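Taking it in order: structure first as structure tokens, then the write-up.
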Amino acid sequence: MSARDWDSHPPYIHEGYKSTALRGPTKPLVPLPHTLSERTGPVYGHECLGPDDADLTLNSRKTGEPLGERIVVSGRVLDGNGKPVPDTLLEIWQANASGRYNHAVDQHDAPLDPNFLGAGRCVTDADGVYRFHTIKPGAYPWGNHPNAWRPNHIHFSLFGPTIASRLVTQMYFPGDPLLALDPIFRGVPEGARDRLVSSLDLGVTEPDFALGYRFDIVLAGRGETPMED
Amino acid sequence: MSSKQTPSQTVGPFFAYGMTPEQYGYDFASIAGATVEGIEDSAAVTVEGHVFDGAGTVIGDAVIEIWQADTEGRYNHPNDQRSSNQAFKGFARWGTGTDPENRFVFRTVKPGPVDSEQAPHINVIVFMRGMPNHAYTRLYFPDEVVANAKDPVLMSIPEERRGTLLAEKIERDGGVVYRFDIHMQGAAETVFFDV
């Protein structure tokens with residue numbers, strides 16, 4: 001009945017990530033048999049994209065190129081049966097190369113980049129493939145505990161076919177020593193953590209231009225087909 | 001072939017320019033705002049509320065999404081074969097960080113019933129810093145007493161908790177406001193669903 005496989009997801013409340021204590025639901029979730037409400041969801045396709053939305057190194061230039069290591073991030077979006085999810089929207093946001101978000105709440109003493117907003121979007125093609133160009137985000141400190149640092153990461157938001165397939169997650173980078181210390185990453189059940197770590201992929205890499213990282217995403221749900229009634 | 005789900009992670013404190021850029025003043029178009037696209041002004045209502053944490057503090061860095069049918073109960077989605085109202089998008093998204101009282105405030109229409117069993121409702125998805133998974137809930141309407149009494153989802157919930165899904169109807173400035181506070185924890189903890 002539930003689309004979400006709870007062995008794959010972090011619990012709402014876990015000790016290491018302090019803010020969860022007062023924010024996660026404490027009562028058991030109520031099972032919801034899927035009705036038309038759960039078998040439908042917002043539809044946003046190619047018509048919602050601006051021309052440079054998938055290239056974060058281009059989409060907010062003011063005076064020149066953003067600073068940092070240019071990268072490609074690409075992968076496939078799949079449903080629970082391993083079938084590609086075509087024409088679905090991905091929205092991403094991230095810190096700049098210095099580990100600074102262009103956000104009033106972010107007071108980390110690292111430079112903003114006037115040529116980098118750090119937000120982008122893309123729609124998967126017929127094979128469920130997406131592709132972003134961006135700048136590798138930097139690590140940054142946060143207030144969870146003394147000397148806490150977030151590993152490099154990119155936030156992803158996906159709709160998938162219905163509201164039951166909705167997913168917001170974070171993509172990490174291979175070999176990052178901060179992963180072992182990060183309570184947000186470590187809130188994920190141990191056997192599922194590596195699904196959040198992208199892999200360096202020379203097939204995604206654009207020679208003499210940008211290293212490529214591959215990050216495949218599997219949504220909840222089975223890609224239900226339209227009903228006949 | 002079966003694939004293993006990608007784990008969920010929090011939206012974090014800096015979702016604004018990714019999810020709600022126009023609302024927060026960024027030079028980047030939003031896919032959706034506070035007003036459900038395609039509503040008729042004559043039928044428009046306001047849906048608003050606060051999100052409270054377990055200490056009763058209003059949460060100023062949550063983002064709320066609503067997904068709903070039109071006034072005739074039709075979803076704009078390929079799985080709803082009746083859908084002929086393509087102008088009605090049925091979706092809106094708003095962060096709680098720009099209102100002086102940290103409310104979410106939507107402009108939409110009251111949906112019709114989507115099938116013969118369920119009472120009219122709006123599907124609500126809650127995201128915030130400090131919550132590793134999103135939370136699903138539903139807003140039901142207090143002026144649908146008969147339909148609510150036979151709604152199978154409402155009836156599946158212990159009676160003492162059903163009220164957490166009922167909005168409060170208020171008349172304000174000649175318009176209708178449905179007030180729907182979301183309590184993450186505590187005695188009035190909102191019912192959240194395993195969808």
Side-chain angles (χ1 to χ4, degrees), chain A residues 2-5 8-10 12 19-20 22-27 29-32 35-44 48 50 78 80-82 91-93 101-103 105-106 117-119 155 157 163-164 166-170 184 187-188 192 195-196 217-220 224 226-227 229, chain B residues 1-19 21 26-29 31-32 53-55 57 59 61 67 75-81 89-91 114-115 118 121 123 125 127-136 153 156-157 184-185 189 191-195:
Chain A
S2 167
R4 282 190 278 190
D5 163 20
S8 295
H9 299 287
Y12 278 109
S19 311
T20 63
L22 287 174
R23 294 188 162 204
T26 62
K27 296 185 165 67
L29 301 183
V30 174
L32 182 57
T35 72
L36 191 58
S37 297
E38 292 73 35
R39 289 194 293 264
T40 56
V43 180
Y44 285 92
C48 76
L78 306 170
N81 288 328
E91 299 167 277
I92 66 170
W93 64 99
Y101 285 88
N102 186 351
H103 192 292
V105 170
D106 187 357
L117 172 63
H155 295 265
S157 170
I163 63 167
R166 188 85 177 86
L167 177 70
V168 171
T169 189
Q170 300 180 27
I184 294 183
V188 174
R195 296 174 214 160
L196 292 181
I217 298 167
V218 179
L219 302 177
E224 296 168 73
M227 299 195 313
D229 62 293
Chain B
M1 180 186 115
S2 178
S3 295
K4 293 184 170 171
Q5 290 176 14
T6 302
S8 176
Q9 296 273 265
T10 176
V11 293
F14 308 124
F15 60 79
Y17 57 90
M19 296 178 80
Y26 292 99
D27 183 19
F28 190 61
I31 58 155
D53 73 9
T57 304
I59 294 174
D61 53 9
W67 168 244
Y75 285 106
N76 184 352
H77 186 277
N79 283 358
D80 189 342
Q81 305 273 302
K89 200 78 182 172
F91 178 72
V114 301
D115 58 33
Q118 300 188 83
H121 61 273
N123 309 286
I125 310 182
F127 306 84
M128 67 185 74
R129 174 181 67 82
M131 194 162 70
N133 299 287
H134 54 279
Y136 294 96
V153 174
S156 74
I157 298 166
M184 300 312 301
Q185 301 182 351
E189 180 174 322
V191 167
F192 297 105
F193 293 106
D194 195 9
V195 171

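Labels below follow one simple rule: chain letters A, B, ... track the order of the sequence lines, proteins then strands, and each chain is numbered from 1. Just the heavy atoms: all of them, side chains too, but no hydrogens, waters or symmetry mates, feed the values below. The structure presented is a predicted model; accordingly, all values stated were derived computationally and were not measured.
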Counting heavy-atom pairs under 4.5 Å with chain A, which one of [options] comes out on top?
options	answer
B:His121, B:Met19, B:Arg129, B:Gln118	B:Arg129
B:Ile59, B:Ile125, B:Ile157	B:Ile59
B:Asp27, B:Thr57, B:Val153, B:Asp53	B:Asp53
B:Gly12, B:Pro21, B:Ala29	B:Ala29

For B:Phe91 and A:Tyr44, take the angle between the two ring planes, folded into 0 to 90°, and tell me which bin it lands in: parallel under 30, tilted 30 to 60, perpendicular over 60.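 B:Phe91 and A:Tyr44: perpendicular rings.
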Where [X] and [Y] come nearest, the two heavy atoms and their spacing:
X	Y	answer
A:Thr20	B:Gln185	O-NE2, 4.2 Å
A:Trp93	B:Phe14	CD1-O, 3.2 Å
A:Ala3	B:Gln5	O-NE2, 2.8 Å
A:His9	B:Ser8	ND1-N, 3.0 Å
B:Ala16	A:His103	CB-NE2, 3.7 Å
B:Thr10	A:His155	O-ND1, 3.8 Å

Need one label for A:Leu219: side chain, backbone, both or neither, based on atoms under 4.5 Å from any heavy atom in chain B.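 Just the backbone, heavy atoms under 4.5 Å.
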Portion of A:Ser37 that has a non-hydrogen atom of chain B nearer than 4.5 angstrom: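 Both backbone and side chain.
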Side-chain contact, heavy-atom cut-off 4.5 Å: [X] with [Y]?
X	Y	answer
A:Lys27	B:Val191	no
A:Arg4	B:Asn133	yes
A:Leu29	B:Tyr136	no
B:Asp80	A:Leu36	yes

Against chain A, label [X] side chain, backbone, both or neither, depending on which of its atoms sit under 4.5 Å from a heavy atom there.
X	value
B:Ile31	both
B:Val114	both
B:Val11	both

To the closest 0.5 Å, what do you measure between CZ (B:Phe127) and OG (A:Ser157)?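 Result: 6.0 Å between the selected atoms.
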Nearest 0.5 Å please: distance from the OH atom of B:Tyr75 over to the OG1 atom of A:Thr40.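 Atom-to-atom, B:Tyr75:OH and A:Thr40:OG1 are 5.0 Å apart.
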Under 3.5 Å: donor-acceptor pair, side chain of [X], backbone of [Y]:
X	Y	result
A:Thr169	B:Pro7	yes
B:Thr6	A:Val218	yes
B:Gln9	A:Gln170	no
A:Arg23	B:Met184	no
B:Tyr26	A:Ala119	no

Under 6.0 Å between the ring centres of A:Tyr12 and B:Phe192?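 No: the rings miss the under 6.0 Å criterion.
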If you tally heavy-atom pairs under 4.5 Å against chain B, which of [options] wins?
options	result
A:Val43, A:Leu117, A:Ile217, A:Ile92	A:Leu117
A:Ile163, A:Leu22, A:Asp106, A:Val188	A:Leu22
A:Ser8, A:Gly41, A:Gly24, A:Pro25	A:Gly41

